[in-house]
Amino acid sequence: MSKAGEIRVIALGLIRDGERIFVSEGYDPAKQSTFYRALGGGVDFGETSLIALQREFQEEIQAELTNIRYLGCIENLFIFNGRQGHEIIQLYQCDFADSKFYQLESLIFSESPNHKHRALWINIERFKSGELTLVPTEFFNYL
């Protein structure tokens, strides 16, 4: 989450395996709701979004990516934990270089010592039916 009044630039990777996608699970305490989003993270100053994408996957889940293809840019205005957020998302489609990631049901990773997250494969139909929430909603344009 960016600081109040700042726009955050992030790079996210859409990894698809048939009818399922690999996403991280998040929870908004103010809304008391669970949501899902593609993995990735912030672009550092002087870093391209492509390099940021590869770095974030390496740092978070120790995964190398392959077949990386730029899909587009999404501007995301949202409310998380009662605060306004604003992100510019550089979205890529990619694959895991190591096939072991396609065999996992889920894995736990941490972005910081106090924040653990779960990443998992979820069938796209569960998002399309409204059973689960995928953010941002513009993400559906790329599925």
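We're numbering straight along the sequence, starting at 1.
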Less than 6.0 Å separating the ring centroids of Phe127 and Tyr36? yes
Aromatic plane relationship, Phe101 with Phe96 - under 30° parallel, 30 to 60° tilted, over 60° perpendicular: parallel
Side-chain donor/acceptor of Asp28 to backbone N/O of Lys31, under 3.5 Å: yes
Minimal heavy-atom distance between Asn81 and Pro29, with the atoms involved, is OD1-CG, 3.3 Å
Heavy-atom closest contact (Cys73 atom, Gln90 atom, distance): SG-NE2, 3.5 Å
First locate atom CG of Leu107, then atom CD of Glu60, and finally report the distance between them rounded to the nearest 0.5 Å. 10.0 Å
Once ring-ring contact (aromatic ring centres under 6.0 Å, His included) is applied, what residue pairs with a partner in residues 37-62 remain, sequence neighbours excluded? none
Within the structure provided, determine whether Tyr92 and Gln54 are in side-chain contact (heavy-atom separation under 4.5 Å). no
Nearest-0.5 Å distance that lies between atom CG in Asn67 and atom CZ in Arg69: 10.0 Å
Do Thr34 and Glu25 come close enough that some side-chain heavy atom pair is under 4.5 Å? yes
Arg55 side chain near Glu59 side chain, heavy-atom distance below 4.5 Å: yes
Salt bridge or not for Arg37 and Glu87, using N-O below 4.0 Å? yes
Is it the case that one hydrophobic cluster holds both Ile74 and Val9, taking links as side-chain heavy atoms less than 4.5 Å apart, direct or via other members? no
Dump the intermediate steps for side-chain hydrogen bond (donor to acceptor under 3.5 Å, both in side chains) on Glu6 and His86, then the final yes or no. CA-CA 7 Å; Glu6 289 186 4; His86 189 173; over 6 Å; no
Could you check if a side-chain atom of Ile15 sits within less than 4.5 angstrom of a side-chain atom of Leu65, using non-hydrogen atoms only? yes
Answer yes or no: is there a side-chain heavy-atom contact under 4.5 Å between Ile88 and Ile10? no
With rounding to the nearest 0.5 angstrom, report the NE2 to CG distance, His117 to Leu120. 13.0 Å
Does the side chain of Tyr102 reach to within under 4.5 Å of the side chain of Asp95, using non-hydrogen atoms? yes
Checking the side chain of Trp121 only, and the main-chain atoms of Val23 only, is there a donor and an acceptor separated by less than 3.5 Å? no
Could Glu19 and Arg16 be called an ion pair, given the rule that one side-chain N must be under 4.0 Å from one carboxylate O? yes
Could you list the donor-acceptor pairs under 3.5 angstrom formed by side chains in residues 135-143, with sequence neighbours left out?
unit_1: Asn141; atom_1: ND2; unit_2: Glu138; atom_2: O; d: 3.4

I would like to know whether Tyr27 and Phe35 meet ring-ring contact (aromatic ring centres under 6.0 Å, His included); could you show each step before the answer? CA-CA 6 Å; Tyr27 182 76; Phe35 62 90; 8.4 Å; no
Is the shortest side-chain heavy-atom distance between Ile21 and Leu134 below 4.5 Å? yes
Of all heavy-atom pairs between Ala52 and Ala11, which one has the smallest distance, and what is that distance? CB-CB, 4.4 Å
Leu14 side chain reached by Leu12 side chain, heavy atoms, under 4.5 Å: no
Answer yes if the side chains of Tyr70 and Ser49 hold a donor-acceptor pair under 3.5 Å, and no otherwise. no
Indicate the atoms forming the closest heavy-atom contact of Glu47 with Val43, along with that distance. O-CG1, 3.2 Å
How close do Ile68 and Cys94 get, counting heavy atoms only, and between which atoms? CG1-CB, 3.9 Å
Common cluster, Ile89/Ile7, ILVMFWY with side-chain heavy-atom separation under 4.5 Å: no
Might you point out which heavy atoms bring Ser24 and Leu39 nearest each other, and give the distance in Å? N-CD1, 3.3 Å
